[in-house]
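Contents: one structure, followed by commentary.
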Amino acid sequence: MSERPSLQPSLLVSAVEDDGTIVETVFRPEAADTALVVARGNEIEIVREVKLRDTLFVPVRASNNLIKHNAVLLPSAPSEYGTVEELLAEIEVYIRRYVSLTDQAAGMCAVYVLLSWVYDAFNELPYLRFRGDYGTGKTRALLVVGSLCYKAFFASGASTVSPIFHTLDTFKGTLIFDEADFRFSDEKAELVKILNNGNAKGFPVLRTQVTQKKEFDPQAFTIFGPKIVGMRRAYDDRALESRFLTIDMQPGRADGVPINLPDGQKAEALDLRNKLLMYRLRNRLVVSLDASLADPALEPRMNQILLPLLSVVPDDALRAVIRAKASALQSGLLSERLASSEGQVLTILHRLAAERPDPTISVAAITSAFSAAYGNEYERPISNRWIGSILRRLGIGLYKSNGVFVLVPRQEEHIGALCTRYGAISAIV
């Protein structure tokens, strides 16, 4: 009788099973090997293989190029951290030691690190961005903060996009991306796909692979997860911009931070990653979205990206810091919208609606008032056609009456909502 073939192992990076089992890969530098941490309730063990769902799993090898070259950072073993408040305080002290940030910004970074370790408990996520010119410390911030994040994967603008898709799909960790400003539209379009699709579950990116038989094989890549980027400017896409919690780096702020990162920084980061691993093992199945923390003064999109952060924060004082930052970001967005052509047209439209008892407003009247108020800001002629195109882009209906274009009646509610969104006014009178 022939012997039964042995069970062939499959590679596993991490898993959260229906029975509550949590599995994570660790890399042990002293032994130059990888292992699996398996948590079942309060029982935690480090093993070389684990059987889940009738399948034998082993960790990714330590010889993996990304692990070997520290392009992906893993913890080495879970360790005790005290309370969540103490862990957050320790993270913040570490960040302030190596990066010049305000108290508010350092607190935001610490909470984002914590969120990254339980991000898969949520359906939507914010992105964290360090923005500034060269010499402002944004790359330092990426290295220091990124080295604490869950399965942090480091890449730069010099990287091609294909390995980023594959690494995110395989490790399902945190993308740390430096120099995210792109000169070439094709590269930018590929990166924007990751950023546009990567903040919400259920939106994989489809890419076509060519098999050895030269056949086209479409594959779905999961790119959902936390992301921290460093860049000099902002993206033109306002929807994409609204997903970022932005920290503007200021030049000339040293505050006693070392010019070069000392060797001890890596050891400190590993120690904190080990504590954060224990935090994940204990809290991944406990944390959940707390919708009651939504702030009615903030826009729905801002609440959407804030709620995961607020849900992992253990105290109201830190939540107040996050909300203050969000309010400042929202004020900036409103100012940008109000200064846009759309915001200026809505400002004129509200003024005309308030001045005229007759609800019928012509495009020509809006054009005339717009030209008088803002014409000197534009190099192009202010024409009825251009103003009409802005109104249609805003979803405001027009029709022709007696040879001139006028606004369709009974759009007050829609226009009022637009004015609120663009900061023009709260409602049309």
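Inter-residue side-chain proximity for I194 and K227 is flagged as met; some heavy-atom pair is nearer than 4.5 Å.
Heavy atoms of other residues, nucleotides or ligands lying less than 6.0 angstrom from CG of N42 number 12 at most. Atom NZ of K172 sits in a crowded spot, with more than 12 heavy atoms from other residues, nucleotides or ligands closer than 6.0 Å. Heavy-atom neighbours of D263 CG from other residues, nucleotides or ligands within 6.0 Å: at or below the threshold of 12.
Residues meeting the ring pair (Phe, Tyr, Trp, His ring centres under 6.0 Å) test with Y119, sequence neighbours left out: F224. With sequence neighbours excluded, the residues forming a ring pair (Phe, Tyr, Trp, His ring centres under 6.0 Å) with Y94 are Y98, listed by chain and number. For S292, the side-chain hydrogen bond (donor to acceptor under 3.5 Å, both in side chains) partners are D290, not counting sequence neighbours. Partners of N70 according to the side-chain hydrogen bond (donor to acceptor under 3.5 Å, both in side chains) rule, which considers only residues two or more places apart in sequence or in another chain, do not exist here. Under the ring pair (Phe, Tyr, Trp, His ring centres under 6.0 Å) criterion, Y150 pairs with W117, not counting sequence neighbours. Applying the side-chain hydrogen bond (donor to acceptor under 3.5 Å, both in side chains) test to N197 and every residue at least two apart in sequence or in another chain returns nothing. Under the rule for a side-chain hydrogen bond (donor to acceptor under 3.5 Å, both in side chains), the partners of D103 that lie at least two apart in sequence or sit in another chain are R96.
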Can you list, pair by pair, the side-chain donor-acceptor contacts under 3.5 Å of residues 385-401, counting residues two or more places apart and other chains?
{"unit_1": "S389", "atom_1": "OG", "unit_2": "W386", "atom_2": "O", "d": "2.5"}
{"unit_1": "R393", "atom_1": "NE", "unit_2": "E342", "atom_2": "OE2", "d": "3.2"}
{"unit_1": "R393", "atom_1": "NH2", "unit_2": "E342", "atom_2": "OE2", "d": "3.1"}

Quiz: residues 120-127 side-chain donor-acceptor pairs under 3.5 angstrom, not counting sequence neighbours:
{"unit_1": "D120", "atom_1": "OD1", "unit_2": "R280", "atom_2": "NH1", "d": "3.0"}
{"unit_1": "D120", "atom_1": "OD1", "unit_2": "R284", "atom_2": "NE", "d": "3.2"}
{"unit_1": "D120", "atom_1": "OD2", "unit_2": "R280", "atom_2": "NH2", "d": "3.0"}
{"unit_1": "D120", "atom_1": "OD2", "unit_2": "R284", "atom_2": "NE", "d": "3.1"}
{"unit_1": "Y127", "atom_1": "OH", "unit_2": "L195", "atom_2": "O", "d": "2.6"}
{"unit_1": "Y127", "atom_1": "OH", "unit_2": "N199", "atom_2": "N", "d": "2.9"}

Show me the side-chain donor-acceptor pairs of residues 375-382 shorter than 3.5 Å, one per line, residues at least two apart or across chains.
{"unit_1": "E377", "atom_1": "OE1", "unit_2": "Q344", "atom_2": "NE2", "d": "3.0"}
{"unit_1": "Y378", "atom_1": "OH", "unit_2": "S341", "atom_2": "OG", "d": "3.0"}
{"unit_1": "Y378", "atom_1": "OH", "unit_2": "Q344", "atom_2": "OE1", "d": "2.5"}

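Here the CD atom belonging to E299 is positioned 11.5 Å from the CG atom belonging to L306, to the nearest 0.5 angstrom.
For residues 270-327, the set of pairs meeting the ring-ring contact (aromatic ring centres under 6.0 Å, His included) definition, not counting sequence neighbours, is empty. Residue pairs meeting the salt bridge (charged side-chain N to carboxylate O under 4.0 Å, His left out) criterion with at least one member in residues 141-155: none, sequence neighbours excluded.
D271 and S79 share no side-chain donor-acceptor pair at under 3.5 Å.
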